[in-house]
Asker: 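Please find one structure pasted underneath; my questions will follow.
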Amino acid sequence: QWGQITDVAMLIHAKAALCDPKDGDSALISAAYGGHCEACNLLLEAKADLFAVFAGDSILNFTGTALEVARFCGHQDVEQLLAFGQVHKQ
């Protein structure tokens, strides 16, 4: 998991796009899908879009925000982090 955190930090530092405008897929949604709480926290600190909606794909036949993806996948720690982030970002 350390490599993932390092990769996320490097992407943020490089000011890489955190969301794909074509399908709504984002680094935050990917981290939520994988249950990577620390990566989600870094992305929230970098102002990742909590409300980006993933349009689904052949792997995850589901449409939703990072919070909804975390809930769908059963990642309760990520779900709590994202719910807390949503409360304070609105």
Side-chain angles (χ1 to χ4, degrees):
Q1 187 168 353
W2 173 251
Q4 294 164 345
I5 300 302
T6 304
D7 291 346
V8 169
M10 286 183 357
L11 289 171
I12 291 168
H13 182 72
K15 300 193 184 329
L18 299 178
C19 187
D20 183 344
K22 291 182 282 186
D23 64 5
D25 194 11
S26 71
L28 185 59
I29 289 171
S30 294
Y33 174 74
H36 305 295
C37 201
E38 288 184 57
C40 287
N41 192 49
L42 278 177
L43 291 161
L44 288 174
E45 289 174 359
K47 309 282 193 256
D49 185 0
L50 279 167
F51 303 102
V53 176
F54 178 59
D57 61 17
S58 60
I59 297 170
L60 183 63
N61 188 19
F62 178 81
T63 300
T65 64
L67 173 62
E68 293 164 332
V69 169
R71 184 177 296 137
F72 178 79
C73 293
H75 301 303
Q76 293 178 343
D77 54 341
V78 174
E79 181 183 350
Q80 289 175 351
L81 173 69
L82 296 174
F84 181 75
Q86 281 191 324
V87 168
H88 291 283
K89 188 171 179 177
Q90 291 180 351

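Worth knowing before you read on, the calculation uses all heavy atoms, side chains too, and leaves out hydrogens, waters and symmetry mates.
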Asker: Flag the pair Leu82 / Leu50 as yes when at least one side-chain heavy-atom distance between them is below 4.5 Å, and no otherwise.
Answerer: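 Touching, per the 4.5 Å side-chain cut-off.
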Asker: Applying side-chain contact (heavy atoms from CB on, under 4.5 Å) between Leu28 and each of Asp49, Leu67, Leu44, report the one that passes.
Answerer: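 Exactly one pass, corresponding to Leu44.
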Asker: Name the atoms and distances for all side-chain donor-acceptor pairs under 3.5 Å in residues 69-76, with sequence neighbours left out.
Answerer:
unit_1	atom_1	unit_2	atom_2	d
Arg71	NE	Glu79	OE2	2.8
Arg71	NH2	Glu79	OE2	3.4
His75	NE2	Tyr33	O	2.9

Asker: With salt bridge (charged side-chain N to carboxylate O under 4.0 Å, His left out) as the rule and sequence neighbours excluded, what pairs involving residues 26-36 come up?
Answerer: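 Residue pairs with at least one partner in residues 26-36: there are none.
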Asker: Please round to the nearest 0.5 Å and tell me the distance separating atom CG of Asp77 and atom SG of Cys37.
Answerer: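 Asp77 CG to Cys37 SG: 4.5 Å, rounded to 0.5 Å.
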Asker: Give the minimum heavy-atom separation between Thr63 and Glu68, together with the two atoms involved.
Answerer: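 Shortest heavy-atom separation between Thr63 and Glu68 comes out as O-OE1, 4.5 Å.
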Asker: Can you see which heavy atom on Ala66 is nearest to which on Ala32, and at what distance?
Answerer: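 Scanning both residues, the minimum pair turns out to be O-CB, 3.5 Å.
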Asker: If I take atom CD1 from residue Ile29 and atom CG from residue Leu43, how far apart are they, to the nearest 0.5 angstrom?
Answerer: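 Ile29 atom CD1 to Leu43 atom CG measures 11.0 Å (nearest 0.5 Å).
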